[in-house]
**Q** 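Please find one structure pasted underneath; my questions will follow.
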Amino acid sequence: MKGQFPVEKFQTLHTPFYYYDTELLRQTLQTINAEASRHEGYHVHYAIKANANPKLLRIIREAGLGADCVSGGEIEASLRAGFPSRKIVFAGVGKSDWEISLGLQRDIFCFNVESIPELEVIDELARQQGKVARVAFRLNPNVGAHTHANITTGLAENKFGIAMGDMLTVIGRARQLPNIKVVGLHFHIGSQILDMSDFEALCNRINELQSDLERHRIRVEHINVGGGLGIDYDHPNRVPVPNFRDYFDTYARCLRLRPDQTLHFELGRAVVAQCGSLITRTLFIKQGAVKQFAIVDAGFTDLIRPALYQAYHKIENITSDLPKATYDVVGPICESTDVFAKQIDLNQTRRGDLLAIRSAGAYGEIMASQYNCRQLPASFTSDEL
C-alpha cells in the first residue's frame, strides 16, 4: 500500500481502471447528512449524471439521499439502485416522451420543467395515464458563477430554464392544465463553484422572485437550488471532503424560506469526485525535442475533462520513490488534445509505473467513450480490493 492505494493489488489488474475509495465516499455522505440536518426542511438529491456506477449508487441510496436525474436512463439506474421513486427528480431541457411517460408511470417526485411546450406535453402524457404530474419550473435567474464558461448554466444566454420575465405567463398556463400540479421552483447556476457569494446572489434573486409571486398570491411548496458546490482539485489529500457547512449555512443565512417550504439540493461532483481516481500504466517514456513525455494507456476516452475543459487533475506516480522529473502526461488516442497534463513534476517515471489521476470520481467514468474502438474502463472499489 502506498498512501491510500493498494498498489500491490493494482499490479495484477488490467489498466486503465477507476478506483473508488468507498470509505471516503461514506465519510462524505455522513458529512452531508450531518450538515444538512442542522437545518429544518433540507433535502439532498444526488445528481446521477456525475457518476452512475451502480456500486456507488447503492452506497449513496443507503445514506438516504434522493436522486436527481436528467434522462430516462438515469431514472432506470436510480430505480435499479433502490432509490424510492418519490425521491427522484427529473430535470433536463429536452425530455423525450418515453422518458416523461416513465417518470409518470413510476410516480416520481417532480419534473423540473423548462418551457411551456414541455409543460403541455407532460400534461397530455399525464392525461393519457390518468395522472396528475407534479412539476417545478426551472427559472433562469441570470446569475453568473465564478467557474468555467462551459459549465455555467444560470445566464440568460444559456439554453437552460425559463426567463424570469416569463414566470407569470408560464404559471398562468400551468393553471389551465388539468393534469399539472405546480409544487416548486428550480434553479441551477453552474458547477465547480467555490465562491459562496455566487450562492448568495442566487438566494437574493430567489427572495425577490418569491416576493413578486406573493404579490400575485402565488406560493410554492418547494424551492430547489440545484447543486454546484466545487471541490479542491489541487489538494485531494488535504481537502478530501468539501466544505458542506459553509454551503448549507449560506442558504440558511441568505434564503428566506416561507413557513413549511422545503429546500432541495442536487449535489453531484461534491459527493463523488474526491473518492475516485483513474489508474493508468506507463507505456513509454519518450524524449522529445523540447520536452519529455510519459505516454500512458489511459486516454481522453477514459477521462475527457482535461481535453474538454482544460481541467486540472493532480497526477501521482504511486509506484516510484525516485527523485522528481518533468513530464507531459499523454494518452494513446490519435488526437493532439489527448493530454492529461503538461510540464508537471512526477517521481521519475519508467515503463510499467502506475499513475493515479486524482479527483476523477465525477464526470470521469460516466463520460467514457469507445472512440478508437477502445474498451470502456473497468472499475473497482476499496470494498472489493
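Positions are given from 1, in the same order as the sequence printed here. Since the model is a prediction, treat every value here as computed from it, not as a measurement.
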**Q** For R258, is there an ion pair with E214 - N to carboxylate O distance below 4.0 angstrom?
**A**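 Salt bridge between E214 and R258, a charged N being under 4.0 Å from a carboxylate O: yes.
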
**Q** Y363 ring centre to K49 NZ or CZ under 6.0 Å, with the angle to the axis within 45°?
**A**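 Not satisfied by the 6.0 Å and 45° rule.
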
**Q** Quick one: list whatever passes side chain to side chain contact (heavy atoms under 4.5 Å, CB included) with S115, sequence neighbours left out.
**A**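 With sequence neighbours excluded, S115 shows a side chain to side chain contact (heavy atoms under 4.5 Å, CB included) to P117, E118, given in chain and number order.
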
**Q** Does L168 share a hydrophobic cluster with I180, counting links as ILVMFWY side-chain heavy atoms below 4.5 Å and allowing steps through other members?
**A**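 Looking at the clustering, I180 is in the same group as L168.
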
**Q** Under the side chain to side chain donor-acceptor pair (under 3.5 Å) rule, collect the residues that match up with R245, sequence neighbours excluded.
**A**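 R245 satisfies side chain to side chain donor-acceptor pair (under 3.5 Å) with E35 once adjacent residues are dropped.
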
**Q** Going by the ring-ring contact (aromatic ring centres under 6.0 Å, His included) test, which pairs reach into residues 315-343, not counting sequence neighbours?
**A**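 Checked against ring-ring contact (aromatic ring centres under 6.0 Å, His included) - neighbours excluded - no pair reaches residues 315-343.
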
**Q** Taking only residues two or more places apart in sequence or in another chain, which ones pass ring pair (Phe, Tyr, Trp, His ring centres under 6.0 Å) with H186?
**A**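 If we apply the ring pair (Phe, Tyr, Trp, His ring centres under 6.0 Å) test to H186, skipping adjacent residues, there are no hits.
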
**Q** For the residue pair F10 and F17, does the interplanar ring angle fall in the parallel (under 30°), tilted (30 to 60°) or perpendicular (over 60°) class?
**A**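 Perpendicular, since the angle between the ring planes exceeds 60°.
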
**Q** Tell me whether D249 is salt-bridged to R38, with the criterion being a basic N under 4.0 Å from an acidic carboxylate O.
**A**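 Between R38 and D249 there is a salt bridge, with a charged N closer than 4.0 Å to a carboxylate O.
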
**Q** Just jot down the side chain to side chain contact (heavy atoms under 4.5 Å, CB included) partners of E208, sequence neighbours excluded, or say none.
**A**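 Result, side chain to side chain contact (heavy atoms under 4.5 Å, CB included) vs E208: R205.
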
**Q** I'd like to know if the side chain of Q274 and the backbone of D232 have a donor-acceptor N/O pair within less than 3.5 Å.
**A**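 Judged by distance alone, yes, a pair lies under 3.5 Å.
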
**Q** If the condition is ring pair (Phe, Tyr, Trp, His ring centres under 6.0 Å), which residues does F265 pass it with, not counting sequence neighbours?
**A**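 Ring pair (Phe, Tyr, Trp, His ring centres under 6.0 Å) check on F265 returns Y42, Y247, F248, Y251.
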
**Q** Testing the basics here: between L57 and N51, what is the closest heavy-atom pair and its distance to 0.1 Å?
**A**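 That would be CD2-O, 3.8 Å.
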
**Q** With sequence neighbours left out, what residues match P377 under side chain to side chain contact (heavy atoms under 4.5 Å, CB included)?
**A**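 Checked P377 against side chain to side chain contact (heavy atoms under 4.5 Å, CB included); matches are Y18, D302, A368.
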
**Q** Using the rule that Ile, Leu, Val, Met, Phe, Trp and Tyr join whenever any side-chain heavy atoms are under 4.5 Å apart, tell me whether V44 and I231 fall into a single cluster.
**A**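 Different hydrophobic clusters.
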
**Q** For S37 and H39, does a side-chain donor sit closer than 3.5 Å to a side-chain acceptor?
**A**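 There is no such pair (donor and acceptor under 3.5 Å, judged by atom type) between the side chains of S37 and H39.
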
**Q** State yes or no: do V170 and V220 share one hydrophobic cluster built from I, L, V, M, F, W and Y residues joined by side-chain heavy-atom distances below 4.5 Å, directly or via other members?
**A**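 They do share one cluster, since a chain of ILVMFWY contacts under 4.5 Å joins V170 to V220.
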
**Q** Test question: given the 4.5 Å side-chain rule for I, L, V, M, F, W and Y, name all other residues clustered with F109, or answer none.
**A**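 When side chains under 4.5 Å apart are linked, the cluster holding F109 also contains V89.
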
**Q** Test your reading of the model: is there a side-chain donor-acceptor pair from Q192 to the backbone of G228, 3.5 Å cut-off?
**A**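 Not confirmed, Q192 side chain does not pair with G228 backbone.
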
**Q** List in chain and number order the residues that pass ring pair (Phe, Tyr, Trp, His ring centres under 6.0 Å) with Y20, two or more places apart in sequence or in another chain; answer none if no residue qualifies.
**A**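 Residues passing ring pair (Phe, Tyr, Trp, His ring centres under 6.0 Å) with Y20: none at all.
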
**Q** With distance as the sole test, does S320 use its side chain to make a donor-acceptor pair with the main-chain N or O of N317 at under 3.5 Å?
**A**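 It does not hold such a pair.
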
**Q** Please say yes or no: joined through hydrophobic side-chain contacts below 4.5 Å, possibly via intermediate residues, are I218 and V135 part of one cluster?
**A**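 Yes: a chain of side-chain contacts under 4.5 Å links I218 to V135.
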
**Q** Hydrophobic side-chain clustering at under 4.5 Å (ILVMFWY, transitive links): who's grouped with I295? Put none if nobody.
**A**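 Noted: I295 shares its cluster with L283, F284, F293, V330, V339.
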
**Q** Between T282 and D353 (side chain of the first, backbone of the second, donor and acceptor by atom type, cut-off under 3.5 Å), is there such a pair?
**A**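 Yes; at least one donor-acceptor contact below 3.5 Å.
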
**Q** Do Y312 and V329 share a hydrophobic cluster (ILVMFWY, side-chain heavy atoms under 4.5 Å, transitive)?
**A**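 Result: no, two separate clusters.
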
**Q** Please list, chain by chain and in numerical order, all residues satisfying salt bridge (Lys or Arg N to Asp or Glu O under 4.0 Å) with K342, sequence neighbours excluded.
**A**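 Once residues adjacent in sequence are excluded, K342 has no partner under the salt bridge (Lys or Arg N to Asp or Glu O under 4.0 Å) criterion.
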
**Q** Got a sec, which residues hit ring pair (Phe, Tyr, Trp, His ring centres under 6.0 Å) with Y233, two or more places apart in sequence or on another chain?
**A**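 For Y233, the residues satisfying ring pair (Phe, Tyr, Trp, His ring centres under 6.0 Å) (neighbours in sequence not counted) are H313.
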
**Q** Quick check: closest heavy atoms across I193 and I189, and the distance to 0.1 Å?
**A**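 Looking at all heavy atoms of both residues, the shortest contact is CD1-CG1, 3.8 Å.
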
**Q** Looking at K131, I want to see if its NZ is surrounded by more than 12 non-hydrogen atoms of other residues, nucleotides or ligands under 6.0 Å.
**A**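 Count over threshold, so yes.
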
